[in-house]
Amino acid sequence: MAGDSRVHMDHDMEIGVTPTAVQKLPKHMREAQISTEHTHLIADPVKKPRQRYVQKDGKCNVHHGNVQETYRYLSDLFTTLVDLRWRFSLFIFTLVYVVNWLFFGLLWYIIALIRGDLWHSDEEGWTPCVENLNSFVSAFLFSIETETTIGYGYRVITEKCPEGIILLLIQAILGSIVNAMMVGCMFVKISQPKNRAETLMFSHKAVISVRDNKLCLMFRVGDLRNSHIVEASIRAKLIRSQQTKEGEFIPLNQTDINIGFDTGDDRLFLVSPLIISHEINEKSPFWELSQAQMDKEEFEIVVILEGMVEATGMTCQARSSYLDKEVLWGWRFTPVLSLEKGFYEVDYNSFHDIYETNTPSCSAKELAATLREGQLLPTLSLIMPEPPKPYTLSTHNPLSKEVDKGGERGEINGSAAALEDQPGLD
């Protein structure tokens with residue numbers, strides 16, 4: 001009990017006010033900062049978990065509400081049917097065929113009813129419009145046989161029924177249109193390339209570390225299939241709210257993140273997993289963010305991989321995202337490619353593995369300035385000339401040089417002094 005009380009007391013000291021007191025206050029007063037004359041030890045506010053704009057599996061977490069012009073969905077009926085869920089698609093598929101058969105079955109029954117075939121079919125010499133059609137059930141079965149071209153041969157239309165011939169032509173034409181539309185919808189829905197995106201992988205985390213003396217934001221992509229994505233390209237978007245200088249608040253503003261558009265590195269040959277790198281330079285939105293500032297930021301990075309499916313030629317798009325807490329500073333990806341006997345092997349068990357590395361916690365701007373200063377000092381020392389050496393004139397010994405420099409001067413002067421001390425050399 002004492003331990004629990006201590007835990008609650010520490011928690012209350014961190015937030016600066018007791019939970020009971022917070023619950024009694026109104027919502028607008030709980031959110032506002034109330035200044036007092038007393039000093040409280042208030043810790044840094046805990047960053048709220050951000051709601052994803054794009055899920056890890058690529059689904060956009062956006063719901064459209066209060067749509068008044070619903071007729072727009074009917075103007076593009078084919079796409080609306082394709083976008084439906086499978087249970088609704090199968091229900092509509094079955095419903096359309098059943099209603100179509102019932103409708104034409106009712107027309108065949110009405111023709112038989114008007115002509116009197118239902119009462120005179122057993123009489124000799126009576127020629128009905130459709131032989132052996134004596135009830136609504138038989139008319140419904142004849143409608144199915146006509147539209148599906150089954151042709152059992154028991155119920156057939158006669159040549160003495162012009163209205164039946166016209167109805168037969170109409171049902172054949174409309175039946176072909178219904179078949180084309182419904183089968184086309186099912187075919188497109190089955191062959192949708194979004195299923196191909198299930199075998200395209202993105203790393204669970206994005207990392208920031210130094211590459212060639214520059215801070216880089218990196219994540220990894222891979223393809224599990226042997227049939228490759230043709231003309232694959234990748235792009236990234238930074239999603240975060242911002243406020244303009246005029247005071248306008250822009251929620252979920254989208255900013256491009258350059259991952260090689262100007263150099264062509266965004267075009268991928270995705271045979272083995274690749275590490276996609278974004279160099280944090282002057283044009284990067286992370287240029288002035290240090291590690292401490294990055295931890296306080298709220299953002300989301302959406303990555304989009306596009307290409308054509310090699311087997312079908314249809315365009316495929318795979319998406320994923322990284323929240324601010326999923327971008328790790330000072331980490332790198334573990335290599336997954338190894339050289340075996342006669343081939344390269346990819347270890348997908350290590351696809352998401354990362355390891356910690358030494359990375360400066362300063363911003364990319366500060367790192368670039370530090371590197372420029374460090375490279376400028378030795379450059380300046382090479383450009384600036386050395387100061388002139390003092391000249392030494394020797395008047396006692398003709399063997400000594402008139403001008404000596406550095407260490408050579410001491411050696412020559414020393415030799416001349418030794419010669420002067422020897423007798424016979426005056």
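In this text, all values refer to a predicted model and were calculated from it rather than measured experimentally. Quick note: numbers below take in every heavy atom, side chains included, and nothing from hydrogens, waters or symmetry partners.
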Please check if the side chain of [X] supplies one atom and the backbone of [Y] the other of a donor-acceptor pair under 3.5 Å.
X	Y	result
Thr79	Asp76	no
Trp329	Pro360	yes
Lys205	Trp331	no
Glu147	Ile144	no

*Got a sec, which pairs hit disulfide (SG to SG under 2.5 Å) with one end in residues 150-228, sequence neighbours left out?*
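Checked against disulfide (SG to SG under 2.5 Å) - neighbours excluded - the pairs reaching residues 150-228 are Cys129-Cys161.
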*Steps toward side chain to side chain donor-acceptor pair (under 3.5 Å) verdict (Tyr322, Ser203)*: CA-CA 9 Å; Tyr322 301 97; Ser203 58; 3.2 Å; yes
Answer with yes or no whether the side chains of [Y] and [X] bring together a donor and an acceptor at under 3.5 Å.
X	Y	answer
Arg52	Ser321	yes
Ser350	Asp347	yes
Ser338	Glu345	no
Ser277	Glu279	no

*Would you mind telling me which of Phe140, Phe136, Phe142 makes a side-chain contact (heavy atoms from CB on, under 4.5 Å) with Trp108?*
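For Trp108, the side-chain contact (heavy atoms from CB on, under 4.5 Å) test succeeds with only one of Phe140, Phe136, Phe142, which is Phe142.
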*Arg220 pairs by side-chain contact (heavy atoms from CB on, under 4.5 Å) with which of Ile276, Val336, Val207?*
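When side-chain contact (heavy atoms from CB on, under 4.5 Å) is applied between Arg220 and each of Ile276, Val336, Val207, only Val336 qualifies.
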*Go through the steps to decide whether Gln317 and Arg319 satisfy the test side chain to side chain donor-acceptor pair (under 3.5 Å), and finish with yes or no.*
CA-CA 7 Å; Gln317 185 182 92; Arg319 298 180 295 266; 2.5 Å; yes
*Classify the angle between the aromatic ring planes of His204 and His352 as parallel (below 30°), tilted (30 to 60°) or perpendicular (above 60°).*
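Answer is parallel, since the angle falls under 30°.
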*Which of these passes side chain to side chain donor-acceptor pair (under 3.5 Å) with Lys237: Asn253, Asp256, Thr255?*
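Looking at Asn253, Asp256, Thr255, the match for Lys237 under the side chain to side chain donor-acceptor pair (under 3.5 Å) is Asp256.
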*Of all pairs that satisfy salt bridge (charged side-chain N to carboxylate O under 4.0 Å, His left out), the ones with a partner from residues 222-232, not counting sequence neighbours*: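 Non-adjacent pairs meeting salt bridge (charged side-chain N to carboxylate O under 4.0 Å, His left out): Arg196-Asp223.
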